[in-house]
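Data first, discussion second: the structure below is written as structure tokens.
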Amino acid sequence: MNKIEEYINKSNSTDLKHSYMDACSNKDFYKYISSLPIEEDILMKYTSTLEECFDEYSNCKSCKSFNMCKNKVSGYCLTPEVEEKSLNFSYICCDKKAKIDEEEKYLQNIKYYDIPQEIRKASFKDLYNDDTARVPIMKYIKDFVKNYGKKDNLKGLYLHGSFGSGKTYLVAALLNDMAKKKVKCACVYYPEFLRDLKASFKTDYEEKFRYIKKVPLLLLDDIGAENVSNFSRDEILGPILQYRMEENLPTFFTSNLTLEELENNLAITSSGVDKLKAKRIVERIKQLTVPIELISKNRRS
Ligand code: ADP
Ligand code: MG
């Protein structure tokens with residue numbers, strides 16, 4: 001090594017030592033790094049990263065909830081690990097994030113199409129219980145959960161009634177619960193799904209259509225609010241319901257319309273009136289479901 005290199009090396013190591021000593025004047029930092037079973041000479045090379053780790057560790061210690069995470073990567077803490085005689089750094093998942101991940105594992109079993117966040121999180125434990133109008137629905141739900149997988153020919157619900165009464169929330173709470181029991185489910189806002197399906201003729205139409213036909217538990221949310229065409233009624237809705245009837249796949253509907261009103265709604269398209277075809281669809285829905293009405297105050301804020 002020539003003299004200049006020697007001089008640079010020496011002054012570098014003096015600098016490293018200085019910044020290390022500086023950082024260690026913080027007693028908590030010193031305590032934190034002292035727990036690492038490694039020589040100080042090595043620690044010195046990583047002072048600024050160790051300070052970063054210490055800041056993240058301190059954030060974690062005072063953290064109240066995952067939403068308030070102050071760390072660079074939310075839910076993770078940059079952490080030093082000693083391996084042999086070297087120091088490695090990795091992002092370790094915190095307890096709060098791990099708990100949320102565990103609670104949200106069921107999301108792998110349920111697909112939502114255009115369903116609002118609060119409904120995606122619907123759960124029995126957050127259900128309002130101030131309304132006797134829901135008693136028959138709760139009874140139906142309890143029986144469904146008890147009998148699913150044990151009895152054949154389980155019927156879904158045709159839940160109709162006033163706007164904002166909680167129809168979608170109740171069925172979503174049931175499907176979320178079933179997803180937690182590892183049953184594959186789909187909650188589909190039907191008017192948007194239909195628009196999306198029609199727009200995907202050239203791409204993944206078949207895949208989407210097949211998925212909705214075959215998913216073990218399906219909610220067609222807000223049926224009756226869609227733009228009815230001969231095609232959507234006879235080539236989309238009809239075959240979906242036919243398949244699900246034949247395969248005994250429980251199917252749920254929510255609607256602002258009674259079955260009678262839905263039948264009228266399905267009869268009229270821009271191509272004219274076809275009462276027979278509408279009646280056929282409604283017959284299938286009747287086969288697939290138990291109709292229950294939910295009239296209640298509007299829960300939407
Ligand atoms: P609907 O489908 O009958 O029009 P929603 O299910 O969308 O009504 O419910 C309206 C609002 O009330 C939503 O914001 C939903 O989160 C809330 N909500 C409805 N029912 C409940 C319930 N049982 N427990 C908690 N929140 C509910
Ligand atoms: Mg709804």
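Each ligand, and each atom within it, is numbered from 1 in the order the structure gives.
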Find all atoms of ligand 1 within a distance of less than 4.0 Å from any non-hydrogen atom belonging to [X], and give their numbers and elements.
{"X": "Glu118", "answer": "13 (C), 14 (O), 15 (C), 16 (O)"}
{"X": "Thr168", "answer": "2 (O), 6 (O)"}
{"X": "Ser165", "answer": "1 (P), 3 (O), 8 (O)"}

>> Whether the Asn176 and Ser123 side chains hold a donor-acceptor pair (N or O, under 3.5 Å, no angle test) is what I'd like checked.
In response: no
> Any side-chain donor-acceptor pair under 3.5 Å between Gln287 and Glu283?
Replying inline: no
> Touching ligand 1 at all, Ala172? Heavy atoms, strictly under 4.0 Å?
Replying inline: no
>> When you measure from the heavy atoms of Asp126 to every atom of ligand 1, does any distance fall below 4.0 Å?
In response: yes
> Quick check: does Gly164 get an N/O under 3.5 Å from an N/O on ligand 1?
Replying inline: yes
Before accepting this row, confirm whether a basic side-chain N of the pair [X]/[Y] lies closer than 4.0 Å to the acidic partner's carboxylate O.
{"X": "Glu192", "Y": "Arg195", "answer": "yes"}
{"X": "Glu207", "Y": "Arg210", "answer": "no"}
{"X": "Asp143", "Y": "Lys139", "answer": "yes"}

> Okay, side chain of Ser255, backbone of Ile223: is any donor-acceptor separation there less than 3.5 Å?
Replying inline: yes
>> Judged on heavy-atom distance to atom 9 (O) of ligand 1, which of Ala122, Ser123, Gly166, Ser162 sits nearest?
In response: Gly166
> For atom 15 (C) of ligand 1, which of Phe163, Phe124, Tyr169 has the closest heavy atom?
Replying inline: Tyr169
>> Tell me whether Lys198 forms a cation-pi arrangement with Phe231, defined as NZ or CZ under 6.0 Å from the six-membered ring centre and within 45 degrees of its axis.
In response: no
>> So that I can check it, does any N, O or S atom in Thr168 come closer than 2.8 Å to the Mg ion (ligand 2)?
In response: yes
